[in-house]
Amino acid sequence: MRVLLVGAGGVGTAITRIAARRPFFDVMAVADYDPARAEAAVTALGDRADRFRAERVDASDESAVTALLERHACDVLLNATDPRFVMPLFRAARSAGAAYVDMAMSLSRPHPERPYEECGVKLGDEQFAQAEEWEKAGALALVGMGVEPGLSDVFARHAADELFDEIEEIGVRDGADLTVDGYDFAPSFSIWTTIEECLNPPVVYEADRGWFTTEPFSEPEVFDFPEGIGPVECVNVEHEEVLLVPRWVGARRVTFKYGLGREFVETLKTLHLLGLDRTAPVTVPSAAGPVAVSPRDVVAACLPDPATLGERMHGKTCAGTWVKGVKDGTPREVYLYHVVDNQWSMAEYGCQAVVWQTAVNPVVALELLATGAWSGAGVLGPEAFPARPFLDLLTAYGSPWGMREQ
């Protein structure tokens, strides 16, 4: 397998460090808009860097990405950029005849009149609109293959295949007890993506109603996370699992709730109130004259790069899927989960826990595609594939998952 990895930020760098220990691929070209970042990701691999190549590419330039795929004869494009670049990379992969894997799907747009009741353009709609074209070509686009979405969707498929006869509700629940020394506010993941998913109308699925939306941060609940993390208040957030799971797994209700914490929620609300969550450029004065900048990009530039926080970070992060239903005529509830301790991920890989947890899952998926354990055509989510090979290989990577009866 020959891979083009686009994006050499925190998650992309973690992907290279995880993949370097595995033999399933021949070449991984690591491309970024900033060539220094791509070069740094490759150089840091030391004597494991022989299968890696650093490149520069603008992820919004489809023709340049297509040319890079063809120059390296890549079988697959792995997208580790933020969601703004999903569609140009998705189309470039199709143009080059390569498979495509991402960790976040094409962006949504709220309903113009009823944003907190009805869906407008949903996450992934632009990609699924091209599913027939991919299927007819016998090509695969594996979408939403990070940790959430990704591993959480694999858990949903595993529950349906092995743990339940009927499923009433699937609820992805994410929580952590992470702290960062020296910062009052330091998100552990891309603030651009966090603002996007947290301030958009959350989507809920119900079998008799389909997909619908609610107010941001609605339906707060306290969820008790395992391995010492403990109770965390979780709220509804827009996320791909709610759009993916019902396509392949039968459940009467699907939700996603994120353990943000009240301070984080209030900060996001303030950014929205001030218009600092907007992506459209505004004109501001500068020493060189008027400059057009995106308020959200300014916020991101003012905050520390999440990839650099590992040495200051303490605690654990948990991604998981809570499932309620019936097995052998008896009611059952389980929580399938994956916990990463920042101390472990820093010591083992030099990566902070959140980006490492996101990065390991697409690498596992690539290995399953390389070996033929997973195969398919069209635009498919993780739920479209058997869960057991993924969960077994994740454990073989030294990062086991767990299950708790509720």
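All values reported here derive from a predicted model rather than from experimental measurement.
- In this structure F164 satisfies the ring pair (Phe, Tyr, Trp, His ring centres under 6.0 Å) test with no other residue, sequence neighbours excluded.
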Test side-chain contact (heavy atoms from CB on, under 4.5 Å) applied to L336 and L163, step by step: CA-CA 11 Å; L336 301 156; L163 305 178; 4.0 Å; yes
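- A search for side-chain hydrogen bond (donor to acceptor under 3.5 Å, both in side chains) contacts involving E126 returns nothing, not counting sequence neighbours.
- Between G228 and D177, the closest heavy-atom pair is O-OD2, 4.1 Å.
- Annotation: side chain of E367 is in contact with side chain of Y397 (closest heavy-atom distance under 4.5 Å).
- Of all non-hydrogen atoms in Y100 and V143, the two that sit nearest each other are CE2-CG1, 4.4 Å.
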Show the atom names and distances, to 0.1 Å, of all donor-acceptor pairs under 3.5 Å that link a side chain in residues 305-312 to residues at least two apart or in another chain.
residue, atom, partner, partner atom, Å
D305, OD1, A307, N, 3.0
T308, OG1, D305, O, 2.7
R312, NH1, D181, O, 3.1

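- The stretch residues 107-127 participates, sequence neighbours left out, in no ring pair (Phe, Tyr, Trp, His ring centres under 6.0 Å) pair at all.
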Which is it for V172 and V245 under the side-chain contact (heavy atoms from CB on, under 4.5 Å) test, yes or no, and what are the steps along the way? CA-CA 10 Å; V172 179; V245 169; 5.8 Å; no
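- In this structure, D102 contributes its side chain and G144 its backbone to a donor-acceptor pair below 3.5 Å.
- Put simply, the side chain of Q127 gets close to the backbone of S106: a donor and an acceptor are under 3.5 Å apart.
- Applying the salt bridge (Lys or Arg N to Asp or Glu O under 4.0 Å) criterion to E219, with sequence neighbours excluded, gives R253, K257.
- In the model, S63 has a side-chain atom that pairs as donor or acceptor with a side-chain atom of D61 under 3.5 Å.
- For Y183, there are no ring pair (Phe, Tyr, Trp, His ring centres under 6.0 Å) partners, not counting sequence neighbours.
- Checked against a 6.0 Å centroid threshold, the rings of F90 and W134 count as neighbours.
- Between S294 and R278, the shortest heavy-atom contact is OG-O, 3.5 Å.
- Residue P226 comes nearest to C318 through the heavy atom pair CD-SG, 3.9 Å, listed as atom of the first residue, atom of the second, then distance.
- Contacts of A67 classified as side chain to side chain contact (heavy atoms under 4.5 Å, CB included), with partners at least two apart in sequence or in another chain: none.
- Sorted by first and then second residue, the side chain to side chain donor-acceptor pair (under 3.5 Å) pairs involving residues 368-387 (not counting sequence neighbours) form an empty list.
- A donor and an acceptor atom, one from each side chain of T255 and R173, are located under 3.5 Å apart.
- Annotation for A365 and M145: closest pair CB-CG, 3.6 Å, computed over non-hydrogen atoms.
- Looking only at distances, no side-chain donor or acceptor of S399 sits under 3.5 Å from a matching main-chain atom of T395.
- Residues in residues 10-49 take part in these ring pair (Phe, Tyr, Trp, His ring centres under 6.0 Å) pairs, two or more places apart or across chains: F25-F52.
- The side-chain tip of R21 points at the ring of Y349 from less than 6.0 angstrom away and within 45° of straight on.
- Although no hydrogens or angles enter the test, the distance criterion places a donor-acceptor pair under 3.5 Å between the side chain of T16 and the main chain of T13.
- Using the six-membered ring where Trp is involved, Y335 and F225 have ring planes that are perpendicular, over 60° apart on the 30 and 60° scheme.
- The nearest pair of heavy atoms linking T213 to P115 is OG1-O, 2.8 Å.
- A donor-acceptor pair under 3.5 Å links the side-chain atoms of R2 to the main chain of H72, judged by distance alone.
- The closest donor-acceptor contact from the side chain of D32 to the backbone of D34 lies under 3.5 Å.
- Under the rule for a salt bridge (Lys or Arg N to Asp or Glu O under 4.0 Å), the partners of R84 that lie at least two apart in sequence or sit in another chain are D82, D297.
- A donor-acceptor pair under 3.5 Å is absent between the side-chain atoms of R157 and the main chain of V249, judged by distance alone.
- If you run side chain to side chain contact (heavy atoms under 4.5 Å, CB included) between V354 and each of T317, V11, V147, only T317 comes through.
- The residue from I15, L4, L89, V6 that alone fulfils the side chain to side chain contact (heavy atoms under 4.5 Å, CB included) condition with L78 is I15.
- Using a 4.5 Å heavy-atom cutoff, the side chains of D174 and C234 are not in contact.
- Residue H158 forms a ring pair (Phe, Tyr, Trp, His ring centres under 6.0 Å) with just one option from W401, Y337, F385, and that option is W401.
- The list of salt bridge (charged side-chain N to carboxylate O under 4.0 Å, His left out) pairs with a residue in residues 229-240, not counting sequence neighbours, reads E233-R262.
- Counting only distance, with no hydrogens or angles, the side chain of N342 and the backbone of M313 share a donor-acceptor pair below 3.5 Å.
- At least one side-chain heavy atom of V86 sits under 4.5 Å from a side-chain heavy atom of N79.
- Between K327 and D165 there is a salt bridge, since a side-chain N of the basic residue sits under 4.0 Å from a carboxylate O of the acidic one.
- Legend: salt bridge (charged side-chain N to carboxylate O under 4.0 Å, His left out) pairs involving residues 392-406, not counting sequence neighbours, sorted by first then second residue: R332-E405, R388-D392.
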So F390 and L151, side-chain contact (heavy atoms from CB on, under 4.5 Å) or not? Walk me through it. CA-CA 9 Å; F390 188 99; L151 178 57; 3.8 Å; yes
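- No donor-acceptor pair closer than 3.5 Å links the side chain of R91 to the backbone N or O of E62.
- Under the 3.5 Å distance criterion, with hydrogens and angles disregarded, no donor-acceptor pair is assigned to the side chains of Y258 and E197.
- Below 30°, between 30° and 60°, or above 60°: for H338 and W356 the angle between ring planes is below 30°, a parallel geometry.
- A donor-acceptor pair is defined here as one N or O able to donate and one able to accept, closer than 3.5 Å; such a pair exists between the side chain of W211 and the backbone of V242.
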